[in-house]
Protein chains: 2
Amino acid sequence: MDDAAKTERMDAYRRICRDQGLRITVQKRAILEAVLDLDNHPTADQVYESVARVVPDISRTTVYRTLEGFARIGVITKACHPGRSTRYDPRVELHHHLICLHCDAVIDITDTGLDALRIPDTSDHGFEVRDFRVQLRGICRRCQTKDRKEKST
Amino acid sequence: MDDAAKTERMDAYRRICRDQGLRITVQKRAILEAVLDLDNHPTADQVYESVARVVPDISRTTVYRTLEGFARIGVITKACHPGRSTRYDPRVELHHHLICLHCDAVIDITDTGLDALRIPDTSDHGFEVRDFRVQLRGICRRCQTKDRKEKST
DNA sequence: AGCTAATTGCAAATATGTAGCGTTAAGAAC
DNA sequence: GTTCTTAACGCTACATATTTGCAATTAGCT
């Protein structure tokens with residue numbers, strides 16, 4: 001993410017913290033910067049690896065706790081994925097995902113056609129829709145070439 | 001799932017196993033029956049709990065391994081979800097999901113409007129699309145009432 | 001009935017995430 | 001800038017969710 005966008009996001013984060021009486025620490029700032037720079041929908045541990053290069057003695061616990069908190073107050077989101085560990089998404093606005101069914105990669109796509117989707121009525125489920133994501137499921141480039149290699153051997 | 005549909009699915013499974021030289025065991029049959037009966041997009045452990053009532057001395061390892069195998073050969077699918085453990089979906093055909101951002105519930109919805117989505121071109125990502133899901137993200141009925149209670153106390 | 005390799009179950013290892021708790025420090029009040 | 005309150009930190013231990021290696025078993029072909 002470019003610097004201007006990051007500054008904007010950091011400002012938004014500051015406003016939310018002020019409103020809710022939350023404190024901004026060195027650790028939280030570093031975690032937010034790290035996750036804004038990662039575009040692969042990282043797990044908490046991947047964020048930890050990245051932050052630890054900047055704040056070497058940060059605790060894993062803090063990273064896990066902070067990411068959960070960020071998602072709760074809407075500073076980041078959680079990505080829906082087919083795998084076994086929570087994945088975070090720095091993007092909060094409407095966008096969509098390519099999902100690799102071999103390696104569980106989550107890849108961002110933007111498409112106005114998808115954005116324009118008419119959301120059906122869900123009142124019979126008593127479900128309150130906040131937003132939506134379209135997930136195109138299939139095989140990513142890397143796994144396609146990998147699979148070809150494995151078959152040819 | 002009703003008996004006719006289950007029989008059909010079991011037959012499809014038999015064909016796949018024959019074609020690929022896989023063996024059908026008491027355990028695998030029980031696991032497939034269990035997962036076809038669960039409509040809440042269960043985790044491997046939830047499937048284990050269910051199967052264990054029918055085959056008491058089945059191993060957890062077998063359930064985990066078998067579900068992975070089922071998904072690989074396309075007998076079932078994996079559901080995309082925001083949580084931290086893999087969730088399986090007995091449905092393999094096109095359908096969509098309501099995703100609760102509080103409790104991670106995954107609820108099936110069917111809507112021809114969503115099915116008719118025009119899938120954008122993904123060739124610039126080198127991504128081969130197999131199918132898609134629309135996920136409506138929000139708050140489920142149960143969590144809405146729970147939240148109201150918590151706020152009023 | 002015999003054979004072969006897929007499959008199972010066990011035990012132990014590895015990921016992933018959380019809770020409890022004493023210590024530190026952000027940021028408001030003065 | 002000092003003080004004060006309490007959010008947040010980091011540690012350790014715990015909890016949960018899988019995975020791996022391997023010896024024993026068994027489905028399904030001949």
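Predicted model, so just to flag it, every value in this text is computed and none were measured. Labels below follow one simple rule: chain letters A, B, ... track the order of the sequence lines, proteins then strands, and each chain is numbered from 1. Basis for what follows: all heavy atoms, side chains included, without hydrogens, waters or symmetry-related copies.
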Pair A:Asp121, A:Ser123: side-chain N/O donor-acceptor within cut-off below 3.5 Å: yes

Looking at C:dA25, I'd like to know if its phosphate oxygens (OP1 or OP2) sit under 4.0 Å from a side-chain N or O belonging to A:Gln27. no

Hey, does B:Asp57 reach any base, or is it just sugar-phosphate, or nothing, if we go heavy atoms under 4.0 Å? sugar-phosphate

Under-3.5 Å donor-acceptor pair between A:Arg18 side chain and C:dG27 base: no

OP1 or OP2 of C:dT8 versus the side-chain N and O atoms of B:Thr25: is any pair under 4.0 Å? yes

Please work out which of the three classes, parallel, tilted or perpendicular, describes the rings of B:Phe132 and B:His96, given edges at 30° and 60°. tilted

Side chains of B:Tyr13 and B:Arg29: closer than 4.5 Å at any heavy-atom pair? no

Whether the side chain of A:Arg84 and the base of C:dA15 hold a donor-acceptor pair under 3.5 Å is what I'd like checked. no

Quick one: is B:Ser59 getting a side-chain N or O under 4.0 Å of the C:dA11 phosphate, OP1 or OP2? no

Quick one: label B:Thr61 by what it contacts on the DNA or RNA (base, sugar-phosphate, nothing), any heavy atom closer than 4.0 Å. base

How is A:Arg65 classified with respect to the nucleic acid when contacts are heavy atoms under 4.0 Å: base, sugar-phosphate, or nothing? base

For a quick check of understanding: with a heavy-atom distance under 4.0 Å over all strands, which category does B:Thr86 fall into, base, sugar-phosphate or nothing? sugar-phosphate

